[in-house]
Amino acid sequence: MATFLYRLGRLAFRRRRLVLLAWIAVLVAAVIGVSGVSGSTTDDFTLPGTQSQQAIDLLQEEFPQASAAGATARVVIEAPDGQKLTSAAHRQEVESLVAHLRRAPQVASVIDPFTGGLVSSSGSIAYAQVTYAVPQADITPAASEALHEAAARGEKSGLRVSLGGNAVLEEEGSNAAELIGLLVAAFVLVITFGSLVAAGLPLLSAIIGVGIALCSITVASSFVDMASNAQTLALMLGLAVAIDYALFVVSRYRTELREGHTPEEAAGRALGTAGSAVVFAGLTVIIALAGLSVIGIAMLTTMGLAAAFAITVAVLVALTLLPATLGFTGTRVADGRLTTRRVRAEQRGRRVTMGVRWGRFVTRHPWKMLLASVVGLGVLAIPALSLRLTLPDDSMAAPGSTQRVAYDTLSKGFGPGFSGPLTIVVDARDSEHAKTAAKDTSAMLDGLDDVATVRPPVFNDAGDVALITAVPSSSPTSQETVDLVADIRERSDEVEQGSGTQVMVTGMTALNIDVSAELGEAMVPYLAVVVGLALILLLLVFRSVLVPIKAAAGFLLSIVATLGVLVAVFQWGWLKDVFGIDETAPIVSLLPILLIGVVFGLAMDYEVFLVSGMREAYVHGAGPTEAIITGFRHGARVVTAAAVIMISVFAGFLLDDVALVKSIGMGLATAVLFDAFVIRMTLVPAVMALLGARAWALPRWLDRLLPDVDVEGAKLRQVLAERDRQSRIPVQSHQEPATPTPLG
């Protein structure tokens, strides 16, 4: 692979104008494609095999008029202070609003607050339940506009109107997070390279790659149901990874220039060495993200595939567009006019780099550093024992948004459980006791402590399927509601045995609970698959048994520590004011699996770039400890810069008002912080120092079976050196001013 990438780098360098025009054409085509489509996103969850999904499927068959799979909206109406909606004037305004909703496109039914019992006991708050004939993903702009027009009409009449439910899409946030991430990345790149030209190339390639990826994902959302957060995840990862991969290649290119190679030769060698590691690291992230599709949840699948596509584009850009842009800059990339005096001294060998000093410190105190790393992350992981999962709902919407106002208003008027009613379905198609079973089920529900109200059963036309609505006393995301659903299902066994019917609990609240439970159960098998993949890939790369085990163990430690931090902040509320968290809630059930998939790839990324230098030095005769120091000399500066850039990009999303985006940003930033600086820069060298030469041991029979992937490009360098000797043509050198190396 290294030889192929070497040739690709030289080809892209020579044909730079053609390569640049090709990428610009792709970007223009993607932008044109976006302008010609109207993409839509969805937050709907379906999970075949769960009781809640089975009940929804039954309702679609027996209650087609209810549109069980259709989108829903709650139009929440509040009277002015000191007034009531039951007054003649306000009642007429509410009825006019309901009539307007019934005429809106795609609306299947609207429950009038006054006839449906949807007015609070105080008479000041009410809501109209709107059910659409189509799922959330199929809501047309006209239908959405009509919903907002109805709300605006109510506002003009003096009422306070807010909208909730999955038919109401969240407003797009600002781009502050992305801008802050880019600014910090630019600053770090300038500090690393000491050159505006060298710093600008990674940013340029990242912007082009992310632009193509996001436009393509938007076009795809016109043909498939795309998760609403798919673009956010793709933007996070695409931006951070594209900058990092370009950083690695540009750093190697500058090193090759300083060794006296021509710019074209330097581009080829840079891609043949650092490019090989980029391909490997990119593949690990892509495989982990694409593997999310095996869990069987469409929303998670689209998020994983969208992010994997963004990573794919980032890799392709690093392998083709980047060497082409290097052709336009030539040796100016090596210009280090902005380099500090300290870095210049390090470059000239007059000062030991910070990475080397840190590596020597760790290898002198391996046991202390190992214990400090493990104990520190272990303490941070303790809150993860209290991890609770949920799916996002209106309670997690941005403060001040119409969804959040609707949720808070309903909670004030009807109690926290009113926003998440439970639908109990009594299936008596194989029984003659439908009415008795429905009556017994209603009585059972009335006897439960956490049930606020139970509405009378509604039967289908055949009279053999009943629908009962129960409103919990607790909020939809609370543990009490989770326990209530489990209690109803357990007590339903008595009704089923006595009547020969089947009692099922469904509704969005129950469906969210089932999906969260399934995701929690899927987390361990998915983690096992990812760790197994890591062991195999690292075994191929480093041709060692203990190095992959050490890498996988460090990855697991960083994951559980990250989950502990998320639980402490988002679930327990520690430092919530610092991070702008409005109220505590369980962790979004998608997040742990997303963290596993994403952090796995990033962890292997840093592992390859840091440890490959150690292995190369050891293979060439360096002692175990000396090899560790050499690896830090060549990789610590780049890994540090890459980690700081990723942390900055991810942390920028903490400024987002949406709780899900905020938690994803904090989770990824924390995971990269732990994995890069605690695991790869501290625990890894400590363990390697303790293992000594045993770290690189590989049984002979396994050595014969494993293919040699040569990620660090050692064979390529040998081939090129032999070619130079045979041709007897000395490597052309050109005098450049002393410049800092980002690798030392």
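Numbers here are sequence positions counted from 1. Values in this document were obtained by computation on a predicted structure and should not be read as measured data. In what follows, every heavy atom counts, from backbone to side chain, and hydrogens, waters and symmetry copies are set aside.
Residues S251 and V638 approach most closely at OG-CG2, 3.7 Å, considering heavy atoms. The shortest non-hydrogen separation linking R680 to F555 is NH2-N, 3.6 Å. When every heavy atom of T562 is checked against every heavy atom of A671, the shortest pair comes out as OG1-CA, 3.3 Å. Listed here is the closest heavy atom pair of G238 and A310: CA-CB, 4.2 Å. In terms of heavy-atom proximity, A234 sits nearest to L214 at CB-CD2, 4.3 Å. The two residues A308 and A290 make their nearest non-hydrogen contact at CB-N, 4.3 Å.
Y606 contributes no side-chain N or O that, together with a main-chain N or O of I679, makes up a donor-acceptor pair within less than 3.5 Å. When atom types are taken as modelled, the side chain of R10 and the backbone of G268 share no donor-acceptor pair closer than 3.5 angstrom. Remark: side-chain polar atoms of R543 are paired, donor with acceptor, to backbone N or O of P707 under 3.5 angstrom. Between the W358 side chain and the M681 main chain, a donor and an acceptor come within less than 3.5 Å of each other. Between the side chain of T273 and the backbone N or O of A270, at least one donor-acceptor pair lies under 3.5 Å.
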>> With side-chain contact (heavy atoms from CB on, under 4.5 Å) as the criterion, how do E607 and V547 come out once you've worked through the C-alpha distance, each side chain's angles and the decisive distance to 0.1 Å?
In response: CA-CA 10 Å; E607 181 80 10; V547 169; 3.9 Å; yes

>> Between L698 and V545, does the side-chain contact (heavy atoms from CB on, under 4.5 Å) criterion hold? Intermediate values first, please.
In response: CA-CA 6 Å; L698 182 69; V545 175; 4.0 Å; yes

>> Before you tell me yes or no, could you show the steps for Y253 and L322 under side-chain contact (heavy atoms from CB on, under 4.5 Å), namely the whole-Å CA-CA distance, both residues' side-chain angles and the distance that decides it to 0.1 Å?
In response: CA-CA 11 Å; Y253 175 75; L322 188 58; over 6 Å; no

> Step by step, would you call V184 with I645 a side-chain contact (heavy atoms from CB on, under 4.5 Å)?
Replying inline: CA-CA 7 Å; V184 174; I645 289 172; over 6 Å; no

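At least one side-chain heavy atom of V644 sits less than 4.5 Å from a side-chain heavy atom of S648. Between T329 and L326 the shortest side-chain heavy-atom distance falls below 4.5 Å.
Note that the CE atom of M688 and the CG atom of L546 stand 9.5 Å from one another [nearest 0.5 Å]. For the atom pair CG (L668) and CG (L237), the distance works out to 6.0 Å, reported to the nearest 0.5 Å. Atom CD1 of I311 sits about 6.5 Å away from atom CG of L289, to the nearest 0.5 Å. Note that CD1 of I549 and OG of S544 are 8.5 Å apart. Values are rounded to the nearest 0.5 Å. Here the CG-CZ distance, from L11 to F4, works out to 9.0 Å after rounding to the nearest 0.5 Å. Note that OG1 of T640 and CZ of F677 are 5.0 Å apart. Values are rounded to the nearest 0.5 Å.
Looking at residues two or more places apart in sequence or on another chain, you find a side chain to side chain contact (heavy atoms under 4.5 Å, CB included) between L370 and W367, V374, L683, A686, V687, L690. With sequence neighbours excluded, no residue forms a side chain to side chain donor-acceptor pair (under 3.5 Å) with R17.
Counting non-hydrogen atoms of other residues, nucleotides and ligands closer than 6.0 Å to CZ of R14 gives a total above 12. For F328, the CZ atom counts as densely surrounded, since its 6.0 Å shell holds more than 12 non-hydrogen atoms of other residues, nucleotides or ligands.
A parallel orientation is assigned to the rings of W696 and Y618, their planes being inclined by less than 30° (bins at 30° and 60°).
A cation-pi arrangement is present between R16 and F13 under the rule of less than 6.0 angstrom and at most 45 degrees off the ring axis.
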